[in-house]
J.: 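I have a structure here, written as structure tokens, and I will follow up with some questions on it.
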Number of protein chains: 2
Amino acid sequence: MTLSEENYLKAIFNLEEQTHKSVPTNAIAEMMETKASSATDMVKRLSEKELLKYKPYQGTRLTPKGKSHAVKVIRKHRLWETFLVENLDFSWDEVHEVAEQLEHIQSDKLIHQLDKFLGYPKTDPHGDPIPDEEGNIAKIKKKVLAELQQEDEGICVGVDDSSSAFLKYLDKLDISLGNKIKVIEKEAFDNSMVIQVEENTISISSLASKNIYVRKTS
Amino acid sequence: MTLSEENYLKAIFNLEEQTHKSVPTNAIAEMMETKASSATDMVKRLSEKELLKYKPYQGTRLTPKGKSHAVKVIRKHRLWETFLVENLDFSWDEVHEVAEQLEHIQSDKLIHQLDKFLGYPKTDPHGDPIPDEEGNIAKIKKKVLAELQQEDEGICVGVDDSSSAFLKYLDKLDISLGNKIKVIEKEAFDNSMVIQVEENTISISSLASKNIYVRKTS
DNA sequence: CTTAATTTTTAGACAAATCTAAAAATTTGT
DNA sequence: ACAAATTTTTAGATTTGTCTAAAAATTAAG
């Protein structure tokens, strides 16, 4: 399994998760930041290896074998992200690029021991669940912050938009995973809200509140 | 800089360290477990990038730029080995293969933070010095155990042969880095010796004692 | 000091992963 | 339902890193 094949597999897995439909070649190309012709070539190769089913012009779906491989890569990615944040003082927005490289290291023992070293974490620094050794991914009950009503309380459990810009913005606002959030006021006009994060009271836009996931606690 | 280029650079660096002469193409090919023609091709490419000086039929020498790059890779390799042994319970003989992969991860911050996390170690699990951020490699005063005389004492500071077989053998004998070793008896006939390692008294062959480095303490 | 052995290089081929440009299939709009 | 727009595939080229086989240079031996 080459680096590039693994990256395609991961991209296709994510796209299939979003739509639960067969994945169009163009969508793959876009996610991989490459040309449709390159995506076609790769999809054919992965199809020969039985990691996915591909019908020309009909898009692709991962086979169980392909899915299992993709999940392993995601497990590695999320464990490494956790290590970087917990032990090497990386911030949320810095981890992705490095984890993209580390996720391709091949060693079952390494990843098993890393998991143990980290204390078998359930989620990564963005709140996304870390698949277990068998490839099971826990479903995390979450709502977008925007859905909460005045007086509602919740715990920050993740973000939807993992872009560096958004994560830096959250850092500035001192919002991080595990924080207690209470809705003080909702503004009907522009859907902005005033919230209390731990001890601080701040105002955030509708766009921001739609990208923050919480587990409701009241 | 591709993965393969980095591996060649590292190989050439090590060969140049051993002989302090210009490195023959065949030696490179042998170390890389590839064919001479492949080594020629690569050496030409690295020469164009000014990482080494290459004269057809005359062998190659790294430029300062090439040397500096090779040392960075070695620094990463040795830091990762230290991490694997210290934090993930790998044994000496298991680390090499994984470190060969990890050494190619590109991130200055990662390696800086890893160094800090490990407490700025001076040597890796085999006793080899870890280059500092500027690329300086500390010289470690060491002798082969075989050179010690009866009654001499030393501390185990490294091994010459890092093969899995030899390292496993040392593990079985309970010899590891930092152990106090005392020569009880030298056998002139076959150059084997009886030594005391910490509390245990054992007998080792000439071959083994020539592959263990010690810092003499008496 | 020539010939033989060895080392090294060149030439040509191949696989992986990509690209551009053009052809083919599918979907959409009227 | 037919032409237009879009999506997808094919064909052919390129780069990286490798190989084999043959040629060229160097070194060793009688």
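None of these values were measured; they are calculated from a predicted model. Below, chain A is the first sequence line, B the second, and so on; all start at residue 1.
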J.: Measure from the side-chain N and O atoms of S47(A) to the backbone N and O of V43(A), and report whether any donor-acceptor pair falls under 3.5 Å.
T.: no

J.: From OH of Y8(B) over to C1' of dT18(D), roughly how many Å is that when rounded to an integer?
T.: 8 Å

J.: Can you name the atoms? Protein N/O to nucleotides 1-5 of chain C N/O, anything below 3.5 Å, with the distance.
T.:
none

J.: How about K109(B): does its NZ atom have over 12 heavy atoms from other parts shown lying under 6.0 Å from it?
T.: yes

J.: Ring-plane angle category for H126(A) and W92(A), please: parallel below 30°, perpendicular beyond 60°, tilted otherwise.
T.: tilted

J.: A quick test of your reading: do over 12 heavy atoms of other residues, nucleotides or ligands sit less than 6.0 Å from CD of E50(A)?
T.: no

J.: Please find the pair of heavy atoms, one from L177(B) and one from P125(B), that lie closest to each other, and give the distance.
T.: CD2-O, 3.4 Å

J.: What is the distance from CD of E48(B) to P of dT16(D), rounded to the nearest Å?
T.: 10 Å

J.: Calculate the interatomic distance between K55(B) atom NZ and dT9(C) atom P; express it in whole Å.
T.: 13 Å

J.: Taking CE from M42(A) and P from dA15(C), how many angstroms apart are they, rounded to a whole number?
T.: 16 Å

J.: Which nucleotide in the set dT9(D), dC19(D), dC19(C) lies at the smallest distance from any side-chain heavy atom of D41(B)?
T.: dC19(D)

J.: When you measure from the side chain of E16(A) to the backbone N and O of L62(A), does any donor-acceptor pair fall under 3.5 Å?
T.: yes

J.: Of the options dT10(C), dT10(D), dT26(C), whose atoms approach the side-chain atoms of Q58(A) most closely?
T.: dT26(C)

J.: Which pairs, with at least one residue in residues 131-143 of chain A and sequence neighbours excluded, count as a side chain to side chain donor-acceptor pair (under 3.5 Å)?
T.: D132(A)-N136(A)

J.: Round to a whole Å and report the spacing from OH of Y54(B) to C1' of dA25(D).
T.: 11 Å

J.: Please tell me which of P56(A) and A36(B) maps to the more 5' nucleotide of DNA chain C, matching each residue to the nucleotide holding its nearest heavy atom.
T.: A36(B)

J.: My understanding is that only residues two or more places apart in sequence, or in another chain, count here; which of them pass salt bridge (Lys or Arg N to Asp or Glu O under 4.0 Å) with D115(B)?
T.: R75(B)

J.: Measure CE/M1(B) against C1'/dT15(D) and give the value in whole Å, please.
T.: 16 Å

J.: Take atom CG of L9(B) and atom P of dG17(D), then tell me their distance rounded to the nearest Å.
T.: 12 Å

J.: Could you tell me whether the side chain of E81(A) and the main chain of A99(A) form a donor-acceptor pair under 3.5 Å?
T.: no

J.: List in numerical order all residues of residues 21-30 of chain B for which some heavy atom is under 4.0 Å away from an atom belonging to DNA chain C.
T.: P24(B), T25(B), N26(B)

J.: Are R45(B) and dT16(D) close enough that a side-chain N or O sits under 4.0 Å from OP1 or OP2?
T.: no

J.: Sugar-phosphate means primed atoms, P, OP1 and OP2; the rest is base. With that split, encode nucleotides 20-25 of chain C 5' to 3' as B, S or - using protein heavy atoms under 4.0 Å.
T.: B---BS

J.: State which residues pass side-chain hydrogen bond (donor to acceptor under 3.5 Å, both in side chains) with H96(A); sequence neighbours excluded, sorted by chain then number.
T.: H77(A), E100(A)

J.: Taking the six-membered ring for Trp and the full ring for Phe, Tyr or His, determine whether the centres of F83(B) and F83(A) are under 6.0 Å apart.
T.: yes

J.: Let me know the distance between CD of E33(B) and P of dT18(D), rounded to the nearest Å.
T.: 12 Å

J.: Distance check: side-chain N/O of S4(A) vs OP1/OP2 of dT18(C), anything under 4.0 Å?
T.: yes

J.: Tell me whether K186(A) contacts the main-chain N or O of A146(A) through its side chain, where contact means a donor paired with an acceptor under 3.5 Å.
T.: yes

